[in-house]
Amino acid sequence: MKGTFPVGKFNNIETPFYYYDMELLQKTLDSIISEANKYGYKVHYAVKANANKRILQTICTSGIGADCVSGNEVAACVVAGFAGDKIVFAGVGKTDKEINLALDNNIFCFNVESRQEIEVIDQLAKAKNKVARIAIRVNPNVDAHTHAKITTGLSENKFGVNLEMLPDVVKYVLTLKNVELVGLHFHIGSQITEMSAFKELCGCINDLQDKLQKETGVVVKNINVGGGLGVNYENPNQSSVADFESYFQVFSQNLKLCEGQTLHCEPGRSVVAQCGNLITRVTYVKEGTVKKFVIADAGMTDLVRPAMYDSYHKIENISSDGQEECYDVVGPICESSDVFGKDRMLNKTKRGDILAIRSAGAYGEIMSSQYNLRTLPKAYFSDEL
Ligand SMILES: *Cc1c(COP(=O)(O)O)cnc(C)c1O
């Protein structure tokens with residue numbers, strides 16, 4: 001089954017470009033909000049997945065908040081319309097300039113990753129006569145069973161404060177006047193498809209809350225479980241909206257929230273992956289001795305995930321109904337890793353055909369680069385064509 005695309009309209013647009021299905025984005029947002037509302041959970045969209053202005057505005061209009069990992073993301077969210085108190089700011093290396101920008105916008109919370117960072121935030125907040133709300137990111141040592149480059153919750157990763165160190169860091173925070181501890185933050189990885197990983201996270205948080213309460217007497221207001229829900233890259237047409245029902249259910253069934261505690265989460269990929277497609281035109285079909293290569297005008301500079309994470313994206317020839325044949329689909333960049341897919345069955349393909357590289361809305365456009373002095377891909381939206 002192929003996706004449906006306005007191929008006729010694509011003919012007049014210079015390729016490659018990103019095409020966003022805004023109806024699907026809205027459907028996805030509606031699903032997230034109705035499932036989260038069942039339990040009173042708060043959602044912050046992880047902006048790093050896609051910071052395109054229209055996408056951000058649409059997400060902002062839906063009413064959910066934003067999870068940022070740089071000062072520029074905080075600034076982009078403010079421009080897109082997010083209120084300061086809907087923004088959280090994470091990251092292991094926030095600079096003074098970024099912290100000051102976030103303080104000036106009175107953001108909801110800094111997700112902090114070290115004692116050193118807490119000290120700096122306290123000083124910068126003091127200079128502005130403010131009290132910064134912080135949540136400590138804890139490294140729960142939970143294996144997300146995903147690609148090594150997107151596993152973040154193991155003790156060996158650079159992220160967060162290790163479990164054993166947490167009580168001391170909490171006690172330290174209590175001595176400071178310009179930071180207020182409002183939460184604990186966790187994020188175990190990305191493209192997680194086994195709900196058991198989230199279940200394991202819940203168990204870890206339950207134990208940790210017990211331990212923390214015993215050792216420090218502290219009960220925080222917010223528990224932030226991060227992002228990481230995966231999407232179906234193999235069958236984007238079949239499951240175009242991620243399984244938010246099961247996702248939220250796992251937390252409601254396994255996480256023991258204390259009285260007055262609110263659960264927060266930060267989905268990125270699952271919000272935007274399926275609504276985005278990289279549209280590219282075939283420049284050449286090259287017959288090698290053993291393989292046929294489809295050489296597209298898009299490359300790893302437009303979508304780096306296959307080269308960087310070995311990820312799979314479904315590829316469709318949306319301008320051909322011919323017999324299926326086997327091709328390697330590659331880009332024009334001078335790197336052997338510039339391959340979108342090997343041994344793919346595509347309808348018979350010729351020069352000039354248009355391909356859709358599916359599920360490219362997350363970590364696609366935002367990761368594009370100018371390597372080889374390429375032009376950055378533009379974005380088009382289904383409701384504007
Ligand atoms: C990347 C990231 C997210 C979003 O992850 P997805 O897999 O895109 O849902 C959420 N929280 C933090 C802290 C992150 O680093």
Side-chain angles (χ1 to χ4, degrees), residues 25 28-29 31-32 35-36 41-52 55-56 59 64-70 73-74 77 87-94 102 107-114 117 134-140 142 144-154 157-161 183-195 197-198 201 205 222-233 241-244 246-248 250-251 263-276 304-305 308-309 311 359-367:
L25 175 60
T28 307
L29 290 166
S31 167
I32 295 173
E35 294 300 332
Y41 295 165
K42 294 251 185 308
V43 181
H44 290 91
Y45 162 64
V47 175
K48 73 175 193 277
N50 187 320
N52 179 291
I55 301 278
L56 279 186
I59 293 172
I64 69 176
D67 163 40
C68 300
V69 289
S70 74
E73 283 189 1
V74 173
C77 284
I87 297 174
V88 297
F89 182 18
V92 284
K94 301 177 194 75
I107 64 161
F108 173 63
C109 185
F110 290 84
N111 291 336
V112 300
E113 308 223 8
S114 66
E117 181 192 341
I134 65 167
I136 301 174
R137 177 165 178 177
V138 182
N139 192 329
V142 168
H145 301 290
T146 181
H147 191 279
K149 284 189 189 157
I150 49 177
T151 291
T152 56
L154 292 175
N157 296 127
K158 69 176 174 182
F159 301 101
V161 171
L184 294 176
H185 177 225
F186 306 81
H187 174 70
I188 55 175
S190 203
Q191 185 51 20
I192 297 168
T193 49
E194 299 292 328
M195 290 300 140
F198 293 119
L201 172 63
I205 298 174
N222 304 296
I223 297 292
N224 184 330
V225 295
L229 178 62
V231 302
N232 190 335
Y233 283 98
V241 177
D243 189 0
F244 296 107
S246 304
Y247 174 70
F248 289 119
V250 166
F251 292 104
L263 183 139
H264 293 245
C265 68
E266 308 163 334
R269 183 190 312 273
S270 54
V271 183
V272 290
Q274 300 293 24
C275 74
V304 78
R305 297 190 67 254
M308 191 164 165
Y309 307 115
S311 24
S359 317
Y363 308 104
E365 186 186 354
I366 193 67
M367 281 188 160

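We count ligands from 1, going down the list as the structure has it; atoms in each ligand are counted the same way. Keep in mind the model is a prediction, meaning the values are calculated, not measured.
- The contact set between ligand 1 and His185, taken as ligand atoms under 4.0 Å from a residue heavy atom, comprises 13 (C).
- For the pair Cys109/Asn222, no side-chain contact is recorded, criterion being any heavy-atom separation below 4.5 Å from C-beta on.
- Residue Arg137 approaches ligand 1 through these ligand atoms, each under 4.0 Å from one of its heavy atoms: 13 (C).
- Between Phe110 and Phe89, the angle of the ring planes lies from 30° to 60°, which puts this pair in the tilted group.
- For the pair Glu117 and Gly91, the tightest heavy-atom approach, listed with the atom from each and the gap, is OE1-O, 3.9 Å.
- Close approach of ligand 1 to Gly227 is summarised as follows: ligand atoms under 4.0 Å from at least one heavy atom of the residue are 9 (O), 10 (C), 11 (N).
- Interface of Arg269 with ligand 1, defined as ligand atoms under 4.0 Å from a residue heavy atom, comprises 6 (P), 8 (O), 9 (O).
- The protein non-hydrogen atom at the shortest distance from atom 8 (O) of ligand 1 is Tyr363 OH, 2.5 Å.
- Contacts between Asp67 and ligand 1, counted as non-hydrogen atom pairs separated by less than 4.0 Å, involve the side chain only.
- Within the 4.5 Å cutoff, the side chain of Phe244 has heavy atoms near those of the Thr28 side chain.
- Using a 4.0 Å cut-off between charged nitrogen and carboxylate oxygen, Lys48 and Glu73 do not count as a salt-bridge pair.
- Residue contact check for ligand 1: Gly228 places a non-hydrogen atom closer than 4.0 Å to it.
- The closest approach between a heavy atom of Ser270 and any atom of ligand 1 is not below 4.0 Å.
- Using modelled atom types, one side-chain atom of Gln191 and one backbone atom of Val231 make a donor-acceptor pair closer than 3.5 Å.
- Applying the ring-ring contact (aromatic ring centres under 6.0 Å, His included) test between His264 and each of Tyr45, Phe108, Tyr41 identifies Phe108 as the sole match.
- Each of the following atoms of ligand 1 lies closer than 4.0 Å to a heavy atom of Pro267: 9 (O).
- Side-chain contact check for Ile205 versus Leu184: every heavy-atom pair is 4.5 Å or farther apart.
- Counting only non-hydrogen atoms, the option in His187, Glu113, Lys48, Glu266 that gets closest to atom 2 (C) of ligand 1 is Lys48.
- Checking only distances, Gly268 does come within under 3.5 Å of ligand 1, N or O to N or O.
- At a 4.0 Å heavy-atom cut-off, ligand 1 touches Ser190 through backbone and side chain alike.
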